[in-house]
Undergrad: 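Provided herewith is a single structure, encoded as structure tokens, for subsequent inquiry.
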Amino acid sequence: MIPENRPLSMVAALATMESMISEQITNTGSVMANHGSIQTPAQTQLRQNGSSNGGPSERKRDLRWRPAMLHPASLRVLLPWLTSIIGIASALCLVIAWFPSTVWNTPIVSSDAPAHYYFIRRLLDEGLGAALHLWPHNSFYPPLFHVCAYFVIKIAALFGVQCSIYAAFNITWIIASGVIFPSGMLVLCRYFLQRWNRGNPISRISQASSTPESSSVSEASNVSNQQVSSAVNRQYNATFDATFVLQNLIGLFVPVLAVSSVCHPYGLLNAGPLIAFGFATSLLPFLIAATLRLFDAIAAREHIVKWLVITAVAGVVCLVAHPRIAFTYALILVPFIVLRLPWKLILGAFIAMCVGAVAFVALMLTSFKSDRWANPASWFHSHQPSKNLWESISFCFTDGLDGFPAILFALLLIAGTVAAFVCAFRRAAVRSSDSLSAAVSTVAPVFSADADALVSDAAVFLVSASDLPTASCSDAADVSLSAPSEPSRPRRNDRLRDVIALTAAFLLVTLVYVCTVTLVGALPNIISSPWYRDENRIMTMLPLVALPLLVIGFNALSECVSVCAASASFVPSASSFSAKNGVSSVPSLSSASAVSSVKNVSFASNWIGPIAAFLVIAILAVSAQIVCPSRTAARDAIIAHSSLNQSDPNEQLTEQKITVLRKVMERTGTQATIISDPLNGSMYAETLFNASMLYPIINARTDVPSVPFGKVETAFASGDGQQVLGTVCPLTDAPEYFLTMGDQAQSLQSFPYRAQYDSFHNEELIDAYVDGGTLVKVADYSQYGQGWALYRFGCAD
């Protein structure tokens, strides 16, 4: 029903109440002014009939305990936990089922993987003290992921299990991706669900109608009125059930949908892998939820210190995982800051962001020397667009899903967002109209004490008849039947603020993604530069904004379906009206018809929406696991990267290179320093066989002062044997070796500083050092590859 029909419904309900009172007076004969000093035989018989049906006191007790029977405290506490555990367990199973089995014993052969393996190895060799200087040149790298892998190995050792670096790496990734990330998304989405349904007028009416005051009826009420009141109470209790169940049903599938997209976590394991950034992304939903709770505390002016501490701790944890996650955090939080904070805090937040941006620019200018800083259009000059405009936009609206699930996700996202805006705007509009409780309080004093009981029943009936279809889009303050005031009332237009903020955050993420994968020029470079203009990093932001917006939309669509179903079902037939006492102009709704109508509205308005939402979200979640070529392609790529059967003998790792590295370690041991071009795959000897490689990762950074890497490269490229020995021999007290294993791998040609290692595979230069005695060949591996050999530097030791 729309608000314009409320006066008509009120007239019908008041006419019904008048008819009921007339019938009561006719049956009971006369009524004294005190309504209790004289009892007629009819009243006595009515009391006896009431007692035979349970009596008013028993009926009130029944109404009082019905919510407890429908919702035992234990069930209400356990059901959210149960659905959460099932949802997270399902997400974990999906991640484990997807995870490539080939990487448990061999490394992922990619650009960043050797560094992460090396960081874990360094923690094992030097202890947790190395967490603050993991790089080979002892500078800081975000250590949280590697510290977790370190603890996995140590905990396994306590139980007598020897866990390899690769196994610890994989277990940590699975826990972060299959447990932490879906748990965080569940916390974030349930936060928005609770705000959306907080103060829901239907639940408020349910609580009010189940209290002794609102459920009391006159002892002189007839049995049919008791049936109507009981049916109405059951209706609102069922409404409260439906809202509660819907939140848990949606929560059941949120973890599954969180790990259904290739955007995160699967894409980052293939890209690099970008492990540290992915770990921070998995933690980010907790930080966002904590920050939004802090905003709520600021608005309510209570528990501010508590949520400030929680937010600070969560922020530190995310920064330790990867500091660059702060850009994602700021991008998503900007709309919420603008819409939900006082203007002074808004100003302070933007000042802090500006300070952070200046510090970031200063860091980049001092850390990376370039002559292109003044020309943003020349930044990322090697970057090439990977999608056209339509493809990039559709990718965002489908959350990176494929096929039918992608279409369904986009349709639900758009339709749900529209429904959420409609509900939010309608709630704001309803506030301007008079509340129904005010109308009831105006009419109620006209009647006597016995009539008051009838008004109570009819008032609840009136709410069900005229306000139930619009209750889902109304504010808690609009409809209240003696409901106790909440200590912390929600702010006005909370729904509208959340929908606008989530939509704005989603559009901001879409803008950054489109700038990264489609647009070129100075402005796109500037916008996407905090994420290195890397598509894989920006993809991870999509689930963080798309899923909460989808959940809000699901809830709004469910309400709209319930509204339509209730409006269609609550249509009393013409036969339910009859003339009373010869007055044909005053309709009287029969009790049987009223009970039937209330039951129809109860089922339609309470359960059709949640059932429809459950079916749709179940179809989406299941189909996303069946139709998933993007995830399958990512898995196949990782399997290919971890395979040793490569067609190109110069790739990073092959069967031949594994054999050569094993033979090298048998000769040199783990203490001797081995110098080699890391781009030929020799860097993996650090974690495969615990070798001491001078270049354990592809980027040891030669621009850092007081480190040997740049000096060794410069000396080796000079052609001066004495300079080479003078630079290499003092590195350690153990012997120093040089290993050749062919040219640089084709898969690492995108490394921008690969030319710094060219001298390490220059055969003419190597032969000259051999002829001059600077290098002494100690092992020949030419049977595995042309020019492969192990040399020892001609140092005095």
Side-chain angles (χ1 to χ4, degrees), residues 98-121 134-136 141-142 145-146 149 164-174 176-177 262-279 281 322 382-383 386 531-532 534-537 539-540 630-655 657-658 661 676-688 693 695-700 741-754 757:
W98 173 90
F99 195 79
S101 60
T102 55
V103 297
W104 289 98
N105 297 315
T106 58
I108 298 175
V109 181
S110 192
S111 55
D112 290 346
H116 297 299
Y117 298 140
Y118 166 74
F119 296 155
I120 300 172
R121 166 61 67 188
L134 289 179
W135 279 105
Y141 186 88
F145 178 90
H146 315 93
S164 68
I165 291 177
Y166 308 118
F169 176 98
N170 298 338
I171 291 172
T172 306
W173 185 90
I174 289 174
S177 303
V262 72
C263 295
H264 187 71
Y266 311 104
L268 294 186
L269 186 62
N270 181 37
L274 302 175
I275 292 301
F277 191 87
F279 194 66
T281 302
H322 201 290
S382 61
H383 176 79
S386 59
W531 296 273
Y532 288 130
D534 182 76
E535 177 181 356
N536 300 285
R537 286 184 173 91
M539 283 168 52
T540 60
S630 296
R631 278 187 293 156
T632 302
R635 183 176 186 270
D636 293 342
I638 295 173
I639 293 175
H641 291 163
S642 59
S643 174
L644 299 178
N645 298 320
Q646 302 289 337
S647 57
D648 185 358
N650 290 323
E651 261 308 326
Q652 296 180 61
L653 276 186
T654 61
E655 293 283 0
K657 288 189 175 181
I658 291 289
L661 291 177
S676 184
D677 182 353
L679 273 66
N680 64 16
S682 59
M683 56 188 171
Y684 287 99
E686 182 85 27
T687 52
L688 281 171
M693 307 298 300
Y695 298 94
I697 61 178
I698 65 172
N699 184 17
M741 286 199 308
D743 296 331
Q744 296 175 344
Q746 188 65 34
S747 59
L748 295 176
Q749 290 303 300
S750 60
F751 178 57
Y753 308 111
R754 63 182 183 276
Y757 302 119

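In this text the structure is predicted, and so the values were computed from the model without any measurement.
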Undergrad: Please report the shortest heavy-atom distance between M741 and L661, naming the atom on each side.
TA: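 The answer is CE-CD2, 4.0 Å.
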
Undergrad: Is the shortest side-chain heavy-atom distance between L274 and D534 below 4.5 Å?
TA: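 Yes - at least one pair of side-chain heavy atoms lies under 4.5 Å apart.
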
Undergrad: Do side-chain atoms of Y757 reach the backbone of I698 as a donor and acceptor pair under 3.5 angstrom?
TA: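 Present.
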
Undergrad: Should Y166 and T687 be marked as a side chain to side chain donor-acceptor pair (under 3.5 Å) after you check the CA-CA gap, both sets of side-chain angles, and the distance that decides it?
TA: CA-CA 9 Å; Y166 308 118; T687 52; 3.0 Å; yes

Undergrad: Describe, in one word, how the ring planes of F119 and W135 are oriented to each other, choosing from parallel (under 30°), tilted (30 to 60°) and perpendicular (over 60°).
TA: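 Aromatic pair F119/W135 classed perpendicular.
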
Undergrad: Just do the side-chain contact (heavy atoms from CB on, under 4.5 Å) check on I697 and E686 with the steps written out, would you?
TA: CA-CA 9 Å; I697 61 178; E686 182 85 27; over 6 Å; no

Undergrad: Could you walk me through whether D112 and I275 pass the side-chain contact (heavy atoms from CB on, under 4.5 Å) check?
TA: CA-CA 8 Å; D112 290 346; I275 292 301; over 6 Å; no

Undergrad: Counting C-beta onward and ignoring hydrogens, is there a side-chain heavy-atom pair between L644 and L653 closer than 4.5 Å?
TA: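 Yes; the side chains approach each other to less than 4.5 Å.
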
Undergrad: How close do L268 and R537 get, heavy atom to heavy atom, and via which atoms?
TA: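 Residues L268 and R537, closest heavy atoms: CD2-N, 4.3 Å.
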
Undergrad: Could you tell me how the ring of F99 sits relative to the ring of W173: parallel (under 30°), tilted (30 to 60°) or perpendicular (over 60°)?
TA: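 The rings of F99 and W173 sit tilted, inter-plane angle from 30° to 60°.
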
Undergrad: To the closest 0.5 Å, what do you measure between CD (E535) and SG (C263)?
TA: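 Reported to 0.5 Å precision, the distance equals 9.0 Å.
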
Undergrad: P114 and S110: which non-hydrogen atoms are nearest, and at how many Å?
TA: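 Taking every non-hydrogen atom into account, CD-O, 3.2 Å.
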
Undergrad: Sequence neighbours excluded, which residues qualify as side chain to side chain donor-acceptor pair (under 3.5 Å) partners of Q744?
TA: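 For Q744, the residues satisfying side chain to side chain donor-acceptor pair (under 3.5 Å) (neighbours in sequence not counted) are D677.
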
Undergrad: Taking all non-hydrogen atoms of both residues into account, name the closest pair between A149 and I120 and its distance.
TA: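 Here A149 and I120 meet closest at CB-CD1, 3.6 Å.
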
Undergrad: Using every non-hydrogen atom in the two residues, find where S642 and T106 come nearest and quote the distance to one decimal.
TA: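 Distance-wise, the nearest heavy atoms are O-OG1, 3.3 Å.
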
Undergrad: Under the side-chain contact (heavy atoms from CB on, under 4.5 Å) criterion, do Q746 and E651 qualify, and how do the steps go?
TA: CA-CA 6 Å; Q746 188 65 34; E651 261 308 326; 3.8 Å; yes

Undergrad: With side chains defined as the heavy atoms from C-beta onward, is the minimum distance between P696 and P136 less than 4.5 Å?
TA: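 The answer is yes; the side chains approach within 4.5 Å.
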
Undergrad: Are Y141 and H146 side-chain neighbours, meaning at least one heavy-atom pair lies under 4.5 Å?
TA: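 Touching, per the 4.5 Å side-chain cut-off.
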
Undergrad: Has the side chain of Q646 got a donor or acceptor atom that lies under 3.5 Å from a matching backbone atom of A640?
TA: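 It does hold such a pair.
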
Undergrad: Partners of Y684 by side chain to side chain donor-acceptor pair (under 3.5 Å), sequence neighbours excluded?
TA: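 In terms of side chain to side chain donor-acceptor pair (under 3.5 Å), with neighbours along the sequence ignored, Y684 is linked to Q652.
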
Undergrad: OG/S676 to CE/M683 distance, rounded to the nearest 0.5 angstrom?
TA: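 Reported value, rounded in 0.5 Å steps: 10.5 Å.
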
Undergrad: Could you pull out the closest heavy-atom pair between R631 and W98, with the gap in Å?
TA: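 Result for this residue pair: O-NE1, 2.9 Å.
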
Undergrad: Got a donor-acceptor contact below 3.5 angstrom from the T281 side chain to the F277 backbone?
TA: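 Yes, the answer is positive, given that a donor and an acceptor are paired below the 3.5 Å cut-off.
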
Undergrad: For the pair H116 and F169, name the ring-plane relationship: parallel under 30°, tilted 30 to 60°, perpendicular over 60°.
TA: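 Tilted, since the angle between the ring planes falls between 30° and 60°.
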
Undergrad: Going by side chain to side chain contact (heavy atoms under 4.5 Å, CB included), I638 matches just one of V109, L269, T102. Which one?
TA: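 With I638 as partner, V109, L269, T102 yield a single side chain to side chain contact (heavy atoms under 4.5 Å, CB included), made by L269.
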
Undergrad: Side chains of Y266 and S630 only: does a donor on one sit below 3.5 Å from an acceptor on the other?
TA: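 S630 and Y266 do not have a side-chain donor-acceptor pair below 3.5 Å.
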
Undergrad: Tell me whether S164 contacts the main-chain N or O of A167 through its side chain, where contact means a donor paired with an acceptor under 3.5 Å.
TA: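 Present.
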
Undergrad: If only atom types and distance count, is the side chain of N170 paired as donor or acceptor with the main-chain N or O of V103 below 3.5 Å?
TA: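 Side chain of N170 to backbone of V103: a pair is present.
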
Undergrad: Atom CZ in R754, atom CG in N699: separation rounded to 0.5 Å?
TA: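 If I round to the nearest 0.5 Å, the distance is 13.5 Å.
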
